[in-house]
Amino acid sequence: MGAGRYSALSQPTLEMSELVCKTLDHDATDILIDKWLEHRNDAYWEWFQNIRLRKHAANTLKRQVIAWNKGDFVPENIFCRTVDTSRLIPLDRTWTTHVYHHRSMQDRKLSMMPVVFTMLPELMLLRGMHDHGCDDVYIIVTDVKKQEMDDITDYFKLVCRYAYGKKCKPSRECQIQFEHMRLTHTLLRQRRAPCFPQIDLTFRAILYEKRPPFIILFSHQTTSYSQILFTHSLFVPAEDIFYDFPSGCPNPCCNDDCEMIRFPRRGIEGAVILSVKRGGKYGKRIRAKEMCNWVDCTVSFTEDTRQGDGETSSEGSQSNNGNHRECSNGSTKNGLVCSKCRLVKYCSPEHQKKDWEEHRRVCAKPASA
């Protein structure tokens, strides 16, 4: 182990971790996406087809939405509302994946590409839900079984609730240390690799140092599942969109309880959300914004306080706010909503024109129109 002492109650660092980190860059992600499109899973294909048939409603300006209104089944034609900026952005943005695994996998020259490929559609959607802060995805590879994954998940929920960024009561300290010791012995008896202290150390170090919107505990056991642990309720996919999302199991005879990746199809109710402290040295507080859809614009409508009269502009948009402020490009920040799809909002006609080359791929009348 690197410098520093590890304990269940101390703040660890990634330098202390003995797990090997394999990084898959944007180019590797592009290769995986192309391969997935070439050999697409029928269940996911049908789900995206259903998304296209459902159409979007007219009142989805501030809600999560997946929209595939035009073109072939390719990421650049499927758009997702971001939870942090409320922009509608295509799923063609890639990311860097950091996969932490036991050195025995490296000794056996096992590639980490299949790990990412296994959950590629889930990663594409989770990446698409974030405008910022999701350029890096973190995965810890384990070989734990289902009950062990459940116990590890409960442990991290316990630690984050009572010991993350705060001094916990002696009774909670004893509880955390007891659960840590129990899981350590359980995984040691089953000869799991990596051992639980290394899983715990690496997981909490990523939380402290990287502050990602989610971390994935991946299990390559056929009788287990992979868990997505979110660091804020805002990052959880909405139930009204993902209620019928595929379980990832290739067996058509399996029921809904059979999951390769535990994707929160029931929204917050079915998600694992960690109580992670925010603010100060623990990073910025999470607050959703409503921003101009032009990706290079920094104007936010979050502070708007009253609704306007809905006057129509000369650029095919409608004013959604009577609170006018100056934009960096000299235009008034008056909230121009696209009059056709009503899915996006702009600070000025100029930025609406700049965004049109991308937005035209999704712009279509809502279902109620």
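Index from 1, following the sequence.
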Requested in this report: Kindly indicate whether a cation-pi arrangement holds for Lys345 with Phe301, taking the cut-offs as under 6.0 Å to the six-membered ring centre and within 45° of the axis.
Outcome: yes

Query - Asp151 and Gln147 side chains, donor-acceptor separation under 3.5 Å - result: yes

Requested in this report: Determine, for Asp244 against Arg54, whether the closest basic-nitrogen to carboxylate-oxygen distance falls under 4.0 angstrom.
Outcome: yes

Query raised in the report: Do the side chains of Leu32 and Met119 join up, straight or via other hydrophobic residues, at under 4.5 Å, putting them in one cluster?
Result: yes

Query raised in the report: Should Arg93 and Asp131 count as an ion pair when the cut-off is N to O under 4.0 Å?
Result: yes

Query raised in the report: Between the side chain of Thr231 and the main-chain N/O of Pro212, is any donor-acceptor distance below 3.5 Å?
Result: yes

Query raised in the report: Any donor-acceptor pair under 3.5 Å linking the side chain of Asn69 with the backbone of Arg361?
Result: no

Report task. Look at the side chain of Lys166 and the backbone N and O of Arg161, then say whether any donor-acceptor pair between them is shorter than 3.5 Å. Result -> yes

**Report entry** Main-chain N/O of Leu19 paired with Arg103 side-chain donor or acceptor, under 3.5 Å
**Finding:** no

Query - His98 and Asp136: side chain donor to acceptor below 3.5 Å - result: yes

Requested in this report: Could you tell me whether Lys146 and Asp150 have a side-chain N and a carboxylate O separated by less than 4.0 Å?
Outcome: no

Report task. Would you please indicate yes or no on a ring centroid separation below 6.0 angstrom for Tyr155 and Phe196? Result -> yes

Report task. Would you check if there is a donor-acceptor pair between the side chains of Glu122 and Tyr44 at a distance under 3.5 Å? Result -> yes

